[in-house]
Structures are given as C-alpha cells and as structure tokens.
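What follows is a set of notes on a single structure, which appears directly below.
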Amino acid sequence: MSDVQLPNSGQTAADEPDGGRTPVRFRNPGLPAHRHRMADFDPRAAKRAERQVLVMLGLSALGTIFFIVAYFAVPLDGTFATLQVSNITLGLGLGFGIFFIGTAAVHLAKTLMPDTEMFDERHPQRGTKEERDDAAAIMVQSGQESGLGRRPFILGGLVGAAALAPLPAVVLLRDLGPLPGDALAETLWDEGVRLALDPSAEPILASDVTLGSVFHVIPENLYESDHFLDEKAKAAVLIMRVDPDVVEYDEDRVGWDVDGIYAFSKICTHVGCPVALYEQQTHHLLCPCHQSTFDLTQHCKVIFGPAKRALPQLPISVDDEGYLVAQSDFLEPPGPSYWERG
Amino acid sequence: MRTLAARRRHPAATALLLLMALLVTGAAYTALAPSRADATIAPTVEGAVGDVDRGQELFLANCATCHGLQAQGGSAGPSLIGVGAASVDFQVATGRMPLAQQAPQAPQKPVVFDDQDVADLAAYVASLAPGPAIPEPGEVEATDDVEAIAAGGELFRINCAMCHNVVGSGGALTQGKYAPPLDDVENRHIYEAMQTGPQSMPVFNDDNISPEEKQQIISYLDHVNTTPSPGGWSLGSIGPVTEGLFVWVGAMVLLLGCAVWLGAKSS
Amino acid sequence: MSTPAGSTAAFTPTSRTARLSAGAADYLDERIGAARLVKGFARKVFPDHWSFMLGEIALYSFVILLISGTFLALFYVPSMTLVEYEGSYAPMYGVTMSEAYASSLNLSFDIRGGLLMRQVHHWSALIFVAAIVVHMLRVFFTGAFRKPREFNWVLGVVLAVLALAEGFTGYSLPDDLLSGNGLRIIEGVILAIPVVGTYITFFLFGGEFPGETIIPRLYILHVFVLPGIILAVIALHLALVVAHKHTQYPGPGRTNDNVVGFPLMPVYAAKAGGFFFIVFGVIILISGLVSINAIWVYGPYDPSPVSAGTQPDWYIGFVDGLLRLMPGQPEFTLAGFTLSLNVFLPSLVVPGLMVMALLAYPFLEQWVTGDNREHHLLDRPRNAPVRTGIGVMAITSYCVMWAAAGNDLMALAFRMSINDLTWFLRFMFFVLPPVAFVVTKRICLSLQRKDRELALHGHETGRVVRTADGEYFEVHEPLSDTERWLLVQHETYRPMAIPPKAHEDGRKPSVVERVRANLSGFFFEDRVEPVTPRELAAAQHHGEHEAIEQPTGDEAARRELTSGTPD
C-alpha cells in the first residue's frame with residue numbers, strides 16, 4: 001500500500017475530535033454561475049463581432065494578393081536594396097495573409113461560438129479487476145500456446161539470434177571513414193617548406209616581417225594537396241615578430257625563431273578554433289571562441305581560459321634566398337587534444 | 001702628377017686627406033640624408049599642410065608630459081620617434097590622443113585638434129625620424145569594383161575579422177581591451193591603422209598586405225557599411241546572440257501575448 | 001455527457017448542401033467508421049488556458065519547419081565540392097566555396113522569396129526550441145508530469161534533445177564560416193571523448209576535419225532521420241495527451257475526476273487551428289522584418305579565419321558557455337594517453353547529467369512523496385515550494401551558462417574586462433543557484449501564508465471600526481466559497497517519519513529507507529498547510545490571530561498519522 005502522508009485527505013469526518021460536525025476539508029463549491037458575453041444577449045454586439053471577423057478575413061485576402069503582386073513586381077537584380085524591398089513586401093503580404101485567418105478563427109470561436117464550459121469524466125488508467133485478470137490470463141495463455149516456456153532452447157536461440165541480427169548494421173558503418181592512424185599528428189610542414197601568406201600562398205621574406213607584425217601563414221605547397229582544407233585545418237600558422245628580449249629564454253628552443261620571428265600553430269589546443277587574435281603590446285594570443293589566452297613571451301603557454309596545452313611552436317629558419325622556411329614538422333600534434341595524443 | 005706624388009709624404013697630407021674625406025662625407029650626407037624640414041613631403045591632412053615648428057609648439061604643450069620633451073617616450077607614453085605621420089594622424093584625428101586617463105586602451109573621444117593642428121603635429125613627429133606617411137586621398141578611396149570587394153572581403157576575414165568581426169562590428173580582447181567597430185571610421189584611418197598598428201593591433205606592413213590590398217579591404221568595408229541589410233533589421237550584426245535574445249524578448253513575448261488573448265474570455 | 005441535447009438536430013437533410021454532406025458522411029462511415037470517430041473525439045473536452053498553448057507553439061513551429069524546409073530543399077545542394085561563386089552577390093564573386101554555401105547564397109539572392117523562407121526556417125527553429133523550453137517549464141512548475149504522465153514527460157525530454165540535434169545539424173548546413181567553426185568545435189569535443197573519440201570523428205567526418213562528407217551526412221540526418229523520429233515521438237506524445245485527457249488548473253467545479261473546458265468541435269478546433277495560423281503569420285512577419293543568420297557576410301568555411309563573436313544558436317549556448325567557464329587544468333596524460341576533462345566534462349558529461357536529471361525527476365519526486373495516485377489537477381507553483389525552488393535553481397544555472405556564452409559580447413558592450421567577467425560568472429555558477437533555490441522556496445512559503453491569511457480573514461476593506469469597548473479593528477470582508485476554494489483546495493505532504501533505529505522485527509532501516517526519509521524531510525519539512533474548515537470556523541468565531549499561525553490538527557493526531565513505516 002501507499003505510505004503517502006496526507007493530512008487533509010483520506011480522513012473521514014468521524015476521525016475528527018469534534019465528532020464530524022465540521023468537515024475536514026472544504027468542499028468543491030462547483031462551477032460558478034456562467035457569465036454571459038455581450039454577444040450572447042446583445043444582437044448588436046454579435047453583429048459587431050461578425051463584422052470584425054469579416055474584416056480580418058478581408059485583410060487576410062488583401063495580404064495574400066499583396067504577396068502575389070509583390071512577387072512579380074519586385075524583381076531581384078542582385079542589389080541589396082531590391083532584395084530588402086522584396087523580403088519585406090513578401091513577408092508582410094504572406095504574414096498578414098496567414099495571421100489574419102488565425103485571428104479570425106480565434107475571434108469567431110471566442111465571441112460567437114458557445115462558451116459554456118462542458119465536462120468530461122476522467123477514468124483511471126488502471127483497468128478494472130476483470131480487465132486486468134483477463135489480460136493476465138491472455139498473456140499466460142499466449143505464453144503457453146507459444147510453447148517457449150517448455151522449450152527453453154528455442155527461447156534462448158531466439159534471443160541469441162535476435163541479438164546478433166543488428167550487428168551487420170554496426171559492421172556496415174565501418175567504412176564511414178578511415179582509421180585515424182597518425183593523421184592528426186602529421187602536417188604539411190617539413191624541413192625546407194616555405195612559410196607563405198594566407199590565402200595567396202606567396203612566400204615570405206624574413207626581412208618583410210617587421211616588429212609588431214603578425215602574418216597569417218600556410219605552407220607554400222598547401223594548394224598542391226588534394227585535400228587542402230584538411231591540411232589547412234592542421235597546418236595554419238601565425239608568425240609574429242617581437243623584440244627577442246621579451247621572450248623568456250627556453251634552452252630547448254634555441255634557434256627555433258628567426259631574429260624574434262616566432263611561428264606558432266594557429267589551431268587552438270582547446271577545441272580547434274583559430275587562435276587568431278594577437279595583441280602586439282601584451283604579446284597575448286586570444287581565441288575568440290572560448291577565450292583561451294596564450295602568452296607569446298612564454299612560448300604560448302596558456303595564461304587564461306579553458307585550454308591546457310601551449311600552442312605548438314613551429315621551428316623556422318631562413319633559406320638561401322631569405323625566405324622563411326620550416327625546420328621540420330611540429331614536434332607535437334597541433335590542434336585539440338585527443339586520447340592517443342600522449 | 002709628380003708634384004702630387006712628391007708631396008704625398010708631406011706631414012700635412014694626412015690631415016688634408018682627413019679633412020677632404022670629412023667634407024665629402026658631410027656634403028654627401030647633406031645631399032642624401034633627409035634634412036629635418038624636408039624629410040618627406042610635408043604631411044597634409046584634408047588639404048592642410050603641416051608646419052614643423054608649429055607642430056613642435058603644439059607637441060610641447062599637449063603631448064610632451066607623457067611622450068617626453070624630445071618625443072623620446074617615458075613611463076606614461078611610448079617614444080614617438082619613427083612612428084611617422086600616419087600614426088599621429090590616426091591617434092589624434094580619431095580623438096584617441098591626447099589620452100584623458102590611463103585605461104586598458106585609449107578610447108575614442110571628441111577630437112581636440114583641427115586638421116591644421118593634426119597636420120602640424122604630424123609634420124613635427126615625421127621630422128624626428130622617417131616613418132609611415134599619411135596616405136594620399138587616392139590610396140584610400142573605396143572602389144565599387146566587384147572583384148576588389150570580393151578580394152577585400154577574403155583578406156578582411158583572414159586578417160581582421162577575428163578581432164573586428166566579419167562585418168566590422170567590433171569584438172572583445174583580453175583585460176578590458178577591445179577591437180572597435182569599423183562602421184564609422186574614415187578610410188584614411190583604416191589605412192593608417194593597418195600601416196601603424198595602434199595599441200593592441202598588430203602592424204600590417206606593405207609586404208604583408210600591399211597598398212592595393214589595403215584599398216580592397218577599405219572597399220569591402222565601404223560596401224558593408226553602405227549597403228542595407230537585405231533581411232531586415234540586422235540586430236547589430238553580431239550573430240546568434242542577439243538573434244537568441246530577440247527570439248525570447250521579441251518573438252516569444254509576441255506569441256505568448258497571442259496565446260493569452262486566445263485564452264482570455266471574451267467580454 | 002459532453003453533448004448537449006438537441007445538437008444533432010442539424011443533421012436532418014433539408015438543403016442541397018446538407019444532403020451532400022450527409023452523403024459524404026455516409027460514404028466515409030461505411031468505409032472508415034467515421035461516425036464512431038466523430039462520436040468518440042469530436043466533443044472531447046479541452047480545458048482552456050493560455051499556458052496550455054505553449055506545446056502548440058512548439059508543434060506548430062515544427063510544422064512550419066517542415067513546410068519551409070521542404071522549400072529550401074528544392075534549391076539547396078548538400079555538397080562540399082568546391083566551386084567558384086558566380087551568383088549575383090557581388091562581394092563573393094569569384095570566391096571558391098562549397099556547393100552547399102553557393103546554393104545557400106543563390107537561395108538567398110536569386111530565388112524570389114528564398115531569403116524569406118530561409119529566415120522563416122531559421123526563426124521558427126529558434127522559436128521551436130524556445131517553445132519546447134517554455135512548455136517544459138509550465139509542465140514542471142505545475143506538476144503536470146505526475147502520475148499517470150511520467151512517460152509523456154520522458155517523451156517530451158526526448159523531443160527536446162532531438163530538437164537540439166535537429167537544430168545543430170541544420171545550423172551546420174550552409175557551410176559558412178560561422179557554422180564551419182561550430183563544426184570544428186564539435187570535432188574538438190568529440191576528440192575529447194576518452195578512448196573512442198578519435199575514431200568517432202574519423203567515422204563521422206569520413207576522415208580528417210573538415211573532409212568532404214560531413215555536409216551530406218548532416219543533411220540526411222537533418223531532413224530525414226531526425227524529423228522522422230521527431231514526428232513519431234510527437235505522435236506518441238499527443239496520443240498520450242488524448243489518452244490521459246489534458247490536465248487542468250484547480251478551481252471551482254474542477255476536480256481530479258473531471259475535465260472542464262470546450263469541446264474539440266467546434267470551439268477548440270477553431271481556437272487551436274486558428275492559433276496555427278497566428279503562429280505561422282507571426283513568424284513570417286518577423287522573417288520579413290528582422291534579419292537572421294546573414295550567411296553572406298561570413299564567407300565560405302575555411303579553417304584559418306574566424307569572426308569575433310562566434311557563437312552557436314541560443315539553444316546550444318549553455319554548452320558553449322560552460323566550455324568558456326571551465327578552466328583548462330583538468331587535462332591529464334595517463335600512461336601515454338590524454339584525458340581532456342577540460343573539454344569532456346563541460347561539453348558532454350554535464351549536459352548528459354542535465355538530461356538524466358530531467359528524465360529522472362518525476363520518478364524521484366514520486367518516490368519521495370510515495371504518492372501513488374493519479375493527478376489531473378495542476379499544482380499552483382507556490383504550493384510545491386521545493387519543486388518550484390529546484391526549478392528556479394535549474395533555470396538560474398542554465399542562465400549563468402547561457403550568459404557565459406555571450407561573455408565576449410557583454411564585455412564589449414559594457415566595456416568590461418572579459419577575464420574579470422569570466423571569473424565573475426565562474427563564481428556565480430556556484431553561488432547563484434543555491435541562492436535562487438532558497439529565495440524561491442521562501443517566496444513560495446510566504447505566498448502560501450498570504451493565501452492562508454486571505455482565506456481566514458478575507459479581503460481588507462480599509463474600514464476601521466471602533467467597538468464600544470474602545471477597541472479598533474479593520475473590517476475584513478470574508479471570501480465567497482468560490483473565491484476561497486482556490487486558496488484551500490490543495491494538499492500538503494508531510495515528511496515521512498525518520499525510520500527508527502530498528503524496525504519492530506529487529507531489522508535495521510536500510511540506507512535506501514534513510515535516504516528516502518531524509519529527502520522527504522528536505523522536500524516537506526518547511527510547509528504551510530491550507531486552511532481547514534475548522535480553522536476558518538475558529539477564526540470567524542474568535543477573530544483571533546493565533547489561529548492563523550497554528551497548523552492544522554493537534555500534534556498527537558499528526559504523530560499517529562506520520563508514524564507509518566514505508567513498505
């Protein structure tokens with residue numbers, strides 16, 4: 001049985017100390033007297049409501065016609081001005097055409113259809129005793145007639161086979177894509193690959209990168225790749241030139257920069273947005289998606305926000321013609337963290 | 001020739017040679033090196049030609065407190081040697097300088113100086129050391145060439161949109177700094193900002209974004225700022241946040257209002 | 001019962017039209033049993049209240065999504081093949097882009113009404129989810145999820161989750177810079193799933209990000225799989241509404257055993273049907289006047305650029321906000337593997353827990369109350385103070401996360417430091433929800449006390465009377481029975497007794513029993529019970545103030561009532 005604690009239900013008046021003269025609960029007073037609308041007793045009000053509905057329907061028809069006229073009267077010539085006119089006129093025409101049908105129907109229902117409230121009885125979801133007994137009997141009987149209870153191996157076999165049957169659907173999905181392999185750790189950067197401007201792919205002279213500059217960089221050979229967007233999503237790089245003295249000395253990275261020109265992965269180590277905002281006074285890099293902030297003077301260590309790892313640095317040098325080139329690929333996978341990354 | 005050869009060993013020869021060398025170097029320097037007054041063509045702002053001496057007076061009166069008497073910089077303001085006329089025009093003519101108070105970054109305020117003052121100040125600062133000049137009006141004119149606008153849009157998205165937003169509505173930087181909106185900025189100042197990298201903004205020199213590309217970017221911005229929003233009210237062109245806000249305070253309120261009307265008993 | 005006498009008289013075929021419709025009715029009845037259908041359903045009573053139309057807004061915006069989406073699908077090309085744009089939008093001329101983006105631009109610029117339909121589709125998507133949320137809040141705060149409607153609540157939660165999925169797949173389809181960066185974030189999030197994340201991304205994207213298959217794959221999910229499932233679940237959801245009959249607000253004449261309202265035909269059909277046109281009309285009007293997702297300004301997707309103010313549509317905002325609030329520290333390398341809890345927790349674990357909590361709540365509350373009866377009368381939110389408190393607490397934490405997703409725009413608009421703002425919101429994420437709970441619960445209890453006061457003493461009239469003894473009092477006008485009913489009709493639960501150290505048979509109370517008793521205490525310890533007739537009689541008789549403060553019944557009787565052990 002239920003263990004519900006209801007002080008003011010389920011008790012009978014007889015439980016009360018005063019012997020039941022006062023009921024424990026108030027009684028539902030029943031529906032209050034119906035209040036009639038103007039339109040119910042005033043024919044003029046009814047007539048007025050009827051007119052209002054008719055006006056709304058008329059406005060709807062006008063809107064629809066306006067839409068059709070506007071559709072043919074406002075040609076699209078590629079300018080924003082006509083497109084704006086077209087959008088507004090079509091929107092207003094169609095919008096009012098549909099809106100006023102709705103208000104007409106609702107107004108009609110509210111003012112002219114009967115508004116006397118009606119009752120329906122509710123019945124509990126639970127079936128009656130007989131219904132439940134019958135249902136139980138049917139289930140037991142079908143169980144017996146199927147014979148599965150007496151033949152447990154058939155039941156087991158059925159369950160087993162049915163459980164196996166969906167597996168091909170899973171297997172079929174195998175060819176949705178290749179296995180990851182090392183794909184995420186390898187980029188187009190390699191020894192001697194020139195740093196080039198995004199999107200023109202023109203190589204960059206070290207001498208062109210002046211103090212305070214930031215260049216958005218791609219590998220020069222990017223467009224030779226079959227899937228250059230995939231490659232760009234890993235290889236995008238930002239180079240900045242700063243006074244080498246402001247950068248904290250890191251013994252492991254000696255010679256990775258060219259006279260204060262530093263190259264860092266542009267792909268956030270959080271979830272992969274381009275970390276493209278460079279503040280040249282503070283030397284901070286900010287990701288606009290989730291505000292991870294990286295400090296160039298500390299080799300792009302995270303100083304704020306949800307990223308954990310520093311942006312990978314690309315070791316660069318200068319080739320014979322004075323162009324910036326990579327010394328190698330990134331020494332760690334660029335972009336967001338993943339399980340096998342290590 | 002003989003006499004000359006004979007006197008080569010004269011004790012005065014060394015001194016004479018040194019003197020001549022000095023003279024030649026001096027003359028060459030005077031001829032080749034920029035002199036203070038005509039280092040570059042005097043900067044002009046909206047037609048006003050700058051005057052170095054008047055510029056120096058203005059500088060001493062208005063700027064030297066922070067930037068130093070020789071514009072060498074100090075704890076309160078950076079050195080202005082070599083920043084060029086473009087930088088002065090950008091900072092002063094947009095009202096960023098003189099700075100009212102120390103803040104995360106210099107806000108735009110009503111402009112204090114007239115065009116002539118700006119030109120004079122620019123002339124003075126440019127005279128200290130060479131630096132980027134104020135662009136000619138022709139260099140910053142927006143074109144309505146379709147391909148230039150398209151190219152400018154692409155460059156803007158790659159180099160500028162991450163801070164200034166794709167249509168130049170502006171964006172936040174760290175610690176209270178921000179990239180300002182670009183809808184009400186003169187073409188000249190857009191050019192100068194790219195050229196000089198004011199405050200947090202990095203420099204985009206001519207090797208990074210060529211003068212022609214800078215003009216394309218200006219054309220793109222001009223296009224964005226002068227064409228109407230075809231879909232209707234643009235909600236500030238800052239993307240899904242204001243759209244979401246509108247759904248709740250506009251659309252949902254409207255629809256709930258309709259529902260309340262529907263549920264209310266007719267009088 | 002629901003058919004007033006004499007209403008069938010109209011069926012006597014007198015005119016030509018009447019004869020025709022009688023013929024048609026006859027035809028249908030002999031084939032599909034139309035008469036039984038009409039008799040069974042046409043006069044079904046629906047209670048009338050504006051808050052019962054919220055689910056309708058969601059349903060109708062879904063229908064509008066189907067209609068406008070079909071139009072868009074006539075022109076949209078779900079392909080990532082790169083093409084050079086040659087349409088009429090000048091600033092993109094000659095730019096290399098995917099066919100998906102190019103066709104979205106064409107749809108906007110070269111198809112008359114195309115932009116309008118795109119805006120209708122996007123606005124109704126945002127309104128669809130907003131209406132679902134408001135509808136859920138109504139159901140939650142009024143306790144409409146209680147028996148027998150628990151399954152329908154579960155179906156509703158499933159629909160909400162499906163709506164989010166449907167929204168996100170649609171958000172990605174234009175393949176512009178904004179949606180591409182959204183996909184990139186999704187890739188980063190999936191990569192953060194321990195062990196299988198990398199494999200899932202490679203299977204989802206058909207290789208590396210962005211690849212060339214994600215748009216067609218999202219497209220088939222967006223236009224076929226998800227809408228199909230949503231339609232099926234909506235059908236079930238509505239079937240259950242019909243089976244249970246709609247809940248109703250308490251009021252005179254409304255009981256747990258009846259439903260009071262208007263018949264489906266004609267009143268409710270006209271109102272609900274008309275409301276479809278109102279919702280549709282309003283959405284079209286908004287779409288004609290207010291711009292949404294101006295895809296042309298973003299340019300085609302490219303992994304290198306990004307725009308300031310890159311945000312998802314509002315309904316994914318809470319996840320994005322949580323990603324922004326989360327500090328980066330909890331990323332570890334264990335035995336050569338990387339565990340990115342800084343991404344995994346806020347983007348997948350917390351939203352997962354939120355959905356679980358939503359699914360579990362009706363069952364939890366029933367377990368705590370032990371109330372096994374059917375409930376068709378809604379609660380006034382004040383009469384369930386802890387539930388209402390929990391609801392407001394959930395809304396508050398949702399709003400903090402939501403606000404965090406716009407931290408950059410707030411920082412820009414109010415010239416604040418984004419770092420300070422983020423720290424402030426991190427702090428608020430823990431502080432505000434409990435505060436909201438306590439404040440809401442207190443407000444509910446005060447409102448209940450006010451109800452008691454009103455029920456006992458009636459309206460203040462402002463008339464002060466001096467008795468012969470020189471006493472002053474204000475005359476109160478007693479409430480009518482109808483007025484009073486709303487204030488006294490509800491039931492109050494009392495906390496379950498803490499189980500004794502040992503049951504009578506020597507068995508110790510189990511942990512479950514103790515947890516349940518403690519939860520019951522948490523829910524119902526603070527309560528204000530409704531006025532009973534006896535209290536009212538006492539108050540009217542004595543006119544004394546004490547009667548209001550005294551809870552009902554004498555203590556001994558209550559002890560007896562609450563000492564039953566749960567079984």
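In what follows, chains carry the letters A, B, and so on, assigned in the order in which the sequence lines appear, proteins first and then strands, with residues in each chain numbered from 1. Just so it is clear, the values below take in all heavy atoms, side chains as well, and ignore hydrogens, waters and symmetry mates. In this text, all values refer to a predicted model and were calculated from it rather than measured experimentally.
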Among Ile292(C), Ile278(C), Asp313(C), which residue has the highest count of heavy-atom pairs closer than 4.5 Å to chain B? Ile292(C)

So which part of Leu289(C) gets closer than 4.5 Å to some heavy atom of chain B, the side chain, the backbone, both or neither? backbone

Taking Asn407(C), Ile418(C), Thr310(C) one by one, which has the highest count of heavy-atom pairs under 4.5 Å against chain B? Ile418(C)

Go through the atoms of Leu116(C) and report whether side chain, backbone, both or neither lie under 4.5 Å from a heavy atom of chain B. neither

Is Leu245(B) close to chain C through its backbone or its side chain, or both, or neither, when contacts mean heavy atoms under 4.5 Å? neither

Honestly, the part of Ser169(B) sitting under 4.5 Å from a heavy atom of chain C is backbone

Proximity breakdown for Leu54(C) and chain B, heavy-atom pairs closer than 4.5 Å: side chain

Cys163(B) versus chain C, the contacting section by heavy-atom distance below 4.5 Å: backbone

Show, in sequence, the C-alpha distance, side-chain angles and deciding distance for Ile127(C) and Met252(B), and conclude whether the side chain to side chain contact (heavy atoms under 4.5 Å, CB included) test is met. CA-CA 7 Å; Ile127(C) 290 169; Met252(B) 285 311 284; 4.1 Å; yes

Would you mind reporting whether Phe128(C) and Ile64(C) have side-chain heavy atoms less than 4.5 Å apart? no

Could Asp408(C) and Arg324(C) be called an ion pair, given the rule that one side-chain N must be under 4.0 Å from one carboxylate O? yes

For Leu421(C), is it the side chain, the backbone, both, or neither that has a heavy atom closer than 4.5 Å to a heavy atom of chain B? neither

Give me the ring orientation class for Phe59(B) and His67(B): parallel if the planes are under 30° apart, tilted from 30 to 60°, perpendicular past 60°. tilted

What option among Ala90(C), Ala405(C), Ala130(C) has the most heavy-atom pairs under 4.5 Å with chain B? Ala130(C)

Please identify, among Gly263(B), Gly231(B), Ser237(B), the residue contributing the most non-hydrogen atom pairs under 4.5 Å to chain C. Gly231(B)

Under 4.5 Å to a heavy atom of chain B? For Val279(C) that would be both

Could you tell me which portion of Val282(C) (side chain, backbone, both or neither) has an atom closer than 4.5 angstrom to a non-hydrogen atom of chain B? side chain

So which of Leu115(C), Ile284(C), Leu65(C) actually passes side-chain contact (heavy atoms from CB on, under 4.5 Å) with Val120(C)? Ile284(C)

Measuring heavy-atom distances to chain B, does Leu409(C) have an atom under 4.5 Å in its side chain, in its backbone, in both, or in neither? side chain

Phe424(C), CZ atom: more than 12 neighbouring heavy atoms under 6.0 Å: no

Looking at chain C, which one of Gly244(B), Ala172(B), Pro107(B), Gly153(B) has the largest number of heavy-atom pairs inside 4.5 Å, strictly under? Ala172(B)

Stacked cation flag Arg254(C) on Tyr249(C), 6.0 angstrom / 45 deg: no

Side chain proximity check, His135(C) to Val139(C), heavy atoms < 4.5 angstrom: yes

With a 4.5 angstrom heavy-atom cut-off, which part of Gln311(C) approaches chain B: side chain, backbone, both or neither? both

Are Ser219(B) and Asp222(B) close enough that a side-chain donor and a side-chain acceptor fall under 3.5 Å? no

Heavy-atom pairs under 4.5 Å with chain B, option from Pro300(C), Gly299(C), Gly406(C) with the top count: Gly299(C)

Honestly, the part of Ala413(C) sitting under 4.5 Å from a heavy atom of chain B is neither

Counting heavy-atom pairs under 4.5 Å with chain C, which one of Ile238(B), Val260(B), Ile158(B) comes out on top? Val260(B)

Pick from Ser51(C), Gly309(C), Ser291(C): which one has the most heavy-atom pairs with chain B under 4.5 Å? Ser291(C)

Would the Phe277(C) and Phe280(C) ring centres measure less than 6.0 Å apart? no

Side chain proximity check, Trp248(B) to Val134(C), heavy atoms < 4.5 angstrom: yes

Met416(C) portion near chain B, given a 4.5 angstrom heavy-atom threshold: backbone

Hey, which of Met53(C), His49(C), Lys271(C), Met410(C) has the most heavy atom pairs under 4.5 Å with chain B? Lys271(C)

Using a strict cut-off of less than 4.0 Å between a Lys/Arg side-chain nitrogen and an Asp/Glu carboxylate oxygen, indicate whether Arg157(B) and Asp302(C) qualify as a salt bridge. no

Would you confirm whether the ring centroid of Tyr268(C) sits within less than 6.0 angstrom of the ring centroid of Phe262(C)? no

Selection from Thr174(B), Leu262(B), Val167(B) maximising heavy-atom pairs under 4.5 Å formed with chain C: Leu262(B)

Below 4.5 Å, heavy atoms only, C-beta onward: do Leu254(B) and Leu285(C) meet side chain to side chain? no

